[in-house]
*Asks:* 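Mind having a look at this structure? Questions to follow.
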Amino acid sequence: MLQVRHLVKYFGGVKAVDGVSFEVGAGECVALIGPNGAGKSTCFACIAGQQRPSGGEVLWAGQRIDALAPARRLARGVARTFQVAQTFEALTVLQNLQLLMSAGRGLPAWNVLDRTSVQAATQLLARVGLQPLAHADALGLPYGAKKRLELGMALAGLGEGALADPQGRSPSPERPRLLLLDEPAAGLAGTERLELMQLVKSLAREGAAVLYTEHNMDAVFGVADRVLVLIEGRLAAQGTPDEIARHPEVRSRYLGHSFDAARQAPSHA
Ligand code: ADP
Ligand code: MG
């Protein structure tokens, strides 16, 4: 389980995160929402290790991780994606996964990459729905495929044993996984967005703790088990999607008036 306690992060005089506490359990799919600049990405960076918190604690599986380097957090099962998709463009889709899959053991030499983690990378490729594009270069991938690849790379970074097996059985409980997904569906529309969010949700159902940010409410309501609302660095509310939809402060400060109309639309059911 992820436990964030009184997390604070300053950038100079800017208090980007201001005393935030929340938890995410194994198997839970939790959305972190809020306006631009609310501190969502900074929370992720403090949890995954790209930023060092100014105060507070981050615990994963019962242990403090907030002073560990990102690679050491990854080795403990904490993986993230970034708001702007980051892939190795000179490599194929499959090679990107092979590279990340084996990176924990040290980077494979270029000439053995194609023989590295073939089975596990191929299984993961299918899991994120990219089998038809296995040998396409990452450069020039359609945007939706790139977002899927990025998700696959975050999973690959957890290593071969961290995936559910082909029968869908969860990875061992000794290898808990935390997926921090910063706008996993950003820039996607309609069906593509909803399909990606179903994939995200299925990863939680296989036992991962999933925390994701998102601006489109159709990727929050109907997907998340629980919603955290961050406004100006503070947790303004947390609860079930229905509780959040009714929350007066969240409605007036974030969701706005177009929200009810959007929720009624058939494609958002
Ligand atoms: P969100 O992801 O919710 O849009 P961010 O976490 O990116 O918000 O940003 C929160 C606040 O922290 C903003 O005021 C932003 O300008 C500031 N901030 C974020 N990262 C940095 C950084 N590396 N250096 C300085 N200020 C930053
Ligand atoms: Mg952000």
Side-chain angles (χ1 to χ4, degrees), residues 2-24 29-58 60 65-71 73 78-87 143-144 146-151 153-154 178-189 193 196-197 200 209-221 223-224 226-239 241 244 247 249-256 258-259:
L2 172 69
Q3 295 167 291
V4 174
R5 296 179 181 162
H6 312 294
L7 186 68
V8 176
K9 179 64 187 178
Y10 290 98
F11 291 110
V14 176
K15 212 171 193 180
V17 179
D18 188 3
V20 166
S21 300
F22 61 85
E23 298 184 347
V24 182
C29 186
V30 177
L32 178 64
I33 66 172
N36 276 326
K40 303 181 296 293
S41 293
T42 304
C43 275
F44 276 23
C46 290
I47 298 167
Q50 289 75 32
Q51 295 285 353
R52 185 82 189 259
S54 311
E57 299 179 348
V58 179
W60 170 239
I65 58 166
D66 45 79
L68 300 180
R73 300 188 205 201
V78 176
R80 74 166 292 187
T81 64
F82 292 85
Q83 198 167 334
V84 178
Q86 298 184 349
T87 59
Y143 186 73
K146 202 156 195 169
K147 295 299 281 182
R148 282 175 180 266
L149 175 56
E150 209 198 6
L151 180 57
M153 288 169 73
L178 171 62
L179 301 177
L180 302 162
L181 309 175
D182 203 348
E183 304 196 16
L188 302 184
R193 178 161 73 221
L196 186 61
M197 293 318 300
V200 167
V210 175
L211 181 66
Y212 71 97
T213 67
E214 177 57 48
H215 285 290
N216 295 288
M217 290 307 119
D218 65 3
V220 174
F221 297 91
V223 177
R226 220 148 44 77
V227 183
L228 311 171
V229 186
L230 205 58
I231 296 178
E232 293 172 5
R234 291 171 189 261
L235 208 57
Q238 59 176 312
I244 294 302
H247 194 282
E249 187 191 354
V250 174
R251 291 173 67 95
S252 66
R253 296 187 68 189
Y254 180 55
L255 293 176
S258 56
F259 172 65

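All values derive from a computational prediction rather than experimental measurement. Start at 1 and go down the list; that is how both ligands and their atoms are numbered.
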*Asks:* Any idea which protein heavy atom is nearest atom 4 (O) of ligand 1, and the distance to it?
*Replies:*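 Here the closest protein heavy atom is Gly37 N, 2.7 Å.
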*Asks:* Ignoring hydrogens and geometry, is there a side-chain-to-backbone donor-acceptor pair from Arg253 to Ile231 under 3.5 Å?
*Replies:*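 Checked: no pair found.
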*Asks:* Which atoms from ligand 1 have a heavy atom of Ala38 less than 4.0 Å away?
*Replies:*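 Those of ligand 1 that fall under 4.0 Å from Ala38 are 1 (P), 3 (O), 8 (O).
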*Asks:* Any idea which protein heavy atom is nearest atom 14 (O) of ligand 1, and the distance to it?
*Replies:*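 Going atom by atom, the protein heavy atom closest to atom 14 (O) of ligand 1 ends up being Val14 CG1, 4.0 Å.
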*Asks:* Tell me: protein heavy atom nearest atom 5 (P) of ligand 1, and distance?
*Replies:*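 Its nearest protein heavy-atom neighbour is Thr42 OG1, 3.6 Å.
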*Asks:* Do Thr81 and Asp182 pair up side chain to side chain, a donor and an acceptor below 3.5 Å, judged on atom types alone?
*Replies:*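 No pair is found: no donor N or O on one side chain lies under 3.5 Å from an acceptor on the other.
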*Asks:* Is it true that some N/O/S atom of Thr42, main chain or side chain, lies under 2.8 Å from the Mg ion (ligand 2)?
*Replies:*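 False for Thr42.
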*Asks:* Which of the numbered atoms in ligand 1 are under 4.0 angstrom from any heavy atom belonging to Ser41?
*Replies:*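 Going through ligand 1 atom by atom, the ones under 4.0 Å from Ser41 are 1 (P), 2 (O), 6 (O), 7 (O).
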*Asks:* Got the closest protein heavy atom to atom 8 (O) of ligand 1, with its distance?
*Replies:*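 Atom 8 (O) of ligand 1 sits closest to the protein heavy atom Gly39 N, 3.1 Å.
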*Asks:* Identify, for atom 23 (N) of ligand 1, the protein heavy atom at the shortest distance, and state residue, atom and that distance.
*Replies:*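 That would be Phe11 CE2, 3.6 Å.
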*Asks:* Are more than 12 heavy atoms, taken from residues, nucleotides or ligands other than Phe22, located less than 6.0 Å from that residue's CZ atom?
*Replies:*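 Enclosed.
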*Asks:* Does the protein put a heavy atom under 4.0 Å from atom 16 (O) of ligand 1?
*Replies:*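 It does not: no protein heavy atom is found less than 4.0 Å away from atom 16 (O) of ligand 1.
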*Asks:* Between the main-chain N or O of Asp18 and the side-chain N or O of Arg234, is there a donor-acceptor pair closer than 3.5 Å?
*Replies:*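 Looks like no, no N/O pair under 3.5 Å.
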*Asks:* I want to know if ligand 1 touches Ala16 in the polar sense, i.e. an N/O pair below 3.5 angstrom.
*Replies:*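 There is no such contact.
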*Asks:* Tell me whether Arg52 is salt-bridged to Asp66, with the criterion being a basic N under 4.0 Å from an acidic carboxylate O.
*Replies:*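 Judged by the 4.0 Å cut-off on N to carboxylate O distance, Arg52 and Asp66 do not form a salt bridge.
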*Asks:* Quick check on contacts: which atoms of ligand 1 are under 4.0 angstrom from a heavy atom of Asn36?
*Replies:*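 Here the atoms of ligand 1 in question are 4 (O).
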*Asks:* Centre of Phe44's six-membered ring, under 6.0 Å away, within 45 degrees of the axis: is that where NZ or CZ of Lys40 sits?
*Replies:*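 No - Lys40 does not lie over the ring of Phe44 by the 6.0 Å and 45° rule.
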*Asks:* When you measure from the side chain of Ser54 to the backbone of Tyr10, do you find a donor-acceptor pair of N or O atoms at a distance under 3.5 Å?
*Replies:*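 Yes; judged by distance alone, with no hydrogens or angles, the pair exists.
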*Asks:* Please check if any side-chain donor atom of His6 sits under 3.5 Å from a side-chain acceptor atom of Glu57, or the reverse.
*Replies:*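 No, no side-chain donor-acceptor pair sits under 3.5 Å.
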